[in-house]
Number of protein chains: 2
Amino acid sequence: MQRDEPVKTPLSIQEQPELVLIELLFYAYRDFVSDPDVVLAKFQFGRAHHRVVHFVNRHPGMRVADLLDILKITKQSLGRVLKQLIDTGYIEQVPGPVDRRQRLLYPTAKGRALDQRLTEPQAQRIRAALAPLGPEGRIAAERFLRLMIDPAERDKVTQMIEH
Amino acid sequence: MQRDEPVKTPLSIQEQPELVLIELLFYAYRDFVSDPDVVLAKFQFGRAHHRVVHFVNRHPGMRVADLLDILKITKQSLGRVLKQLIDTGYIEQVPGPVDRRQRLLYPTAKGRALDQRLTEPQAQRIRAALAPLGPEGRIAAERFLRLMIDPAERDKVTQMIEH
DNA sequence: AAATTTATGTCAGTCATATTGACATATTTG
DNA sequence: CAAATATGTCAATATGACTGACATAAATTT
C-alpha cells in the first residue's frame, strides 16, 4: 500500500476567511477558561465545579433540570460534581415549596464567595480587553457573541443573562 | 452542625457587568464547538481529533512541539489521538530534512478533506452571525477576541493566524 | 382512586481526554 | 564526548462525559 502524498499547502485564510474568527475563538477561549484553574486547584475542584457554582450563583433556586439545560450534559455527568459541592457546603438543596419533587439549588455564603473568586480573573481579563476598545467595542463584541448562539437558544439565553 | 443559610439573591450584572461577556462566551463557545460533532461521530473521532487535524492543516510541516504549544496539553495526551490519525491515514509524519529528530506533521488529501468538512458548519455559523453586523462588526469582534488572548501569546497567535 | 408522567437520584459500566512521572532513543549542539 | 533536545512510550490516575436501567416521590391525568 503506497504512502499518500503529504499535502504541503496550508489551508489559507484567503480561501476560508472565517478561519480568522474560528481560530481567535479557540485561542481566546483557551486562555479565558484557564484563568480560574489556579483558584480551582486550591479547592481540589475542576472546571465542571466552576460551571455549576457559577450558574447556581447566577440563578439561586434553579432546578436541576434548568442546570442540565444550560450545561447541555446528562444528569449522570452532573451527579458527582453537584454532590461534591453539596457535601463540602458550597451549594444547598431546598425542596420546592410548590412542587415538592423539585430540589431547588442555592449557593451558601461559602459558595457565593467561591464563585466571586473564580469570576474575578475572568472579569479582569475582560476589562483589560475592553479598555482599548471603547463602549462601541463592548457592544459589538456582545452582539457578535449573541449571534453565535443557536437561534433556538438565543432568546432564552438573553433573558437569563439580563434577568 | 447547623445548616448554612442559602443565599437567595442572584449575582447580578449590576454589581459585575463583565458577567454578560463571561456568559456570552460560555454559551457561544458551547454551541460553536458542538457544530462539528455530527461529522466527527461518523468518523468515530472526538473533538481532540478535530483540533489536531485542524492545526496540522493550517500549518503543514509543523513539529509535534509546535502543536503541543498551541493546544496547551502534554505530549502524552496528544499521543493517542495523533497516533489514531496517523494510523487511519489522515496525517503523516515526515522526518525533518534539516533536523532529523523532528517528525514534521502533514495532512494527507484525506486529512485535508476531513478538516474542510469539520470547518464548514463553523464557518457557516460565523457567516450567519456576521451577516447582520457589517464589516465593522467583524473587525470589532476580531479585535476583542484578540485582546482576550494572553498578552504573552498574542503576537505569536496573530502571526499564526495571518501567515 | 388508579394510572401515568415528571423531577430527581442512583447503580453500573464505559469512553475520551487529560494528568504526572519515569524512562528510552535518536540526533544535534556545545 | 557530554549535554541538551525532539520525540515516543509505559504505567497509573483523574476528570468529565456517556448509555442504559432502575427507583422514588410527587404531581397530573384519566
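Each chain gets a letter, A, B and so on, in the order the sequences are listed, and its residues count up from 1.
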Nearest heavy atom decides the nucleotide; on that basis, is B:Leu104 or A:Leu78 closer to the 5' end of DNA chain D? B:Leu104

Would you mind classifying the nucleic acid contact of A:Val98 as base, sugar-phosphate or nothing, using non-hydrogen atoms under 4.0 angstrom? sugar-phosphate

Nucleotide nearest B:Gln102 (side chain, heavy atoms from C-beta), chosen from D:dA17, D:dA6, C:dA18: D:dA6

When the distance from CG of B:Leu105 to C1' of D:dG8 is rounded to whole Å, what number comes out? 13 Å

Please figure out whether A:Asp99 or A:Gln44 has its closest DNA chain D nucleotide nearer the 5' end. A:Gln44

Does C:dT19 have OP1 or OP2 under 4.0 Å away from a side-chain N or O of B:Ser77? yes

At less than 4.0 Å, is any side-chain N or O atom of A:Thr74 found next to OP1 or OP2 of D:dC18? Yes or no. yes

B:Leu85 has an atom CG; how far is it from atom P of D:dG8, in whole Å? 13 Å

For B:Arg127 and B:Gln124, test the side chains for any donor-to-acceptor distance below 3.5 angstrom and give the result as yes or no. yes

Check: A:Tyr29 ring centre within less than 6.0 Å of B:Phe32 ring centre: no

Rounded to the nearest angstrom, tell me the gap between atom NE2 in A:His50 and atom C1' in D:dG16. 16 Å

Indicate the ring-plane relationship of B:Phe45 and B:Tyr90, choosing parallel, tilted or perpendicular according to the 30° and 60° boundaries. perpendicular

Counting distance alone, no hydrogens or angles: does the base of D:dT7 have a donor or acceptor under 3.5 Å from a partner atom on the side chain of B:Arg101? no

Using only side-chain N and O atoms of A:Arg100, determine if any of them is under 4.0 Å from OP1 or OP2 of D:dA26. yes

Establish, with yes or no, whether the OP1 or OP2 oxygen of C:dA7 is under 4.0 angstrom from a side-chain nitrogen or oxygen of A:Arg63. yes

Within less than 4.0 Å of OP1 or OP2 of C:dG9, is there a side-chain N or O belonging to A:Gln93? yes

Protein-nucleotide distance (B:Arg80, atom CZ; C:dA18, atom P), rounded to Å: 9 Å

Expressed as a whole number of angstroms, how long is the span from B:Arg51:CZ to C:dT17:P? 8 Å

Atom CD1 of B:Ile73 and atom P of D:dA14 are separated, to the nearest Å, by 20 Å

Rounded to the nearest Å, what distance is computed from the NZ atom of residue B:Lys75 to the P atom of nucleotide C:dC23? 13 Å

Euclidean distance, atom CD of residue B:Gln76 to atom P of D:dA14 [Å, nearest integer]: 16 Å

What I want to find out is whether A:Lys156 reaches A:Asp69 closely enough, with some N-O distance under 4.0 Å, to be called a salt bridge. yes

Answer yes or no: does a side-chain N or O of A:Arg47 lie under 4.0 Å from OP1 or OP2 of D:dG16? no

May I ask you to decide whether A:Arg125 forms a salt bridge with B:Asp150, counting only side-chain N to carboxylate O separations under 4.0 Å? yes

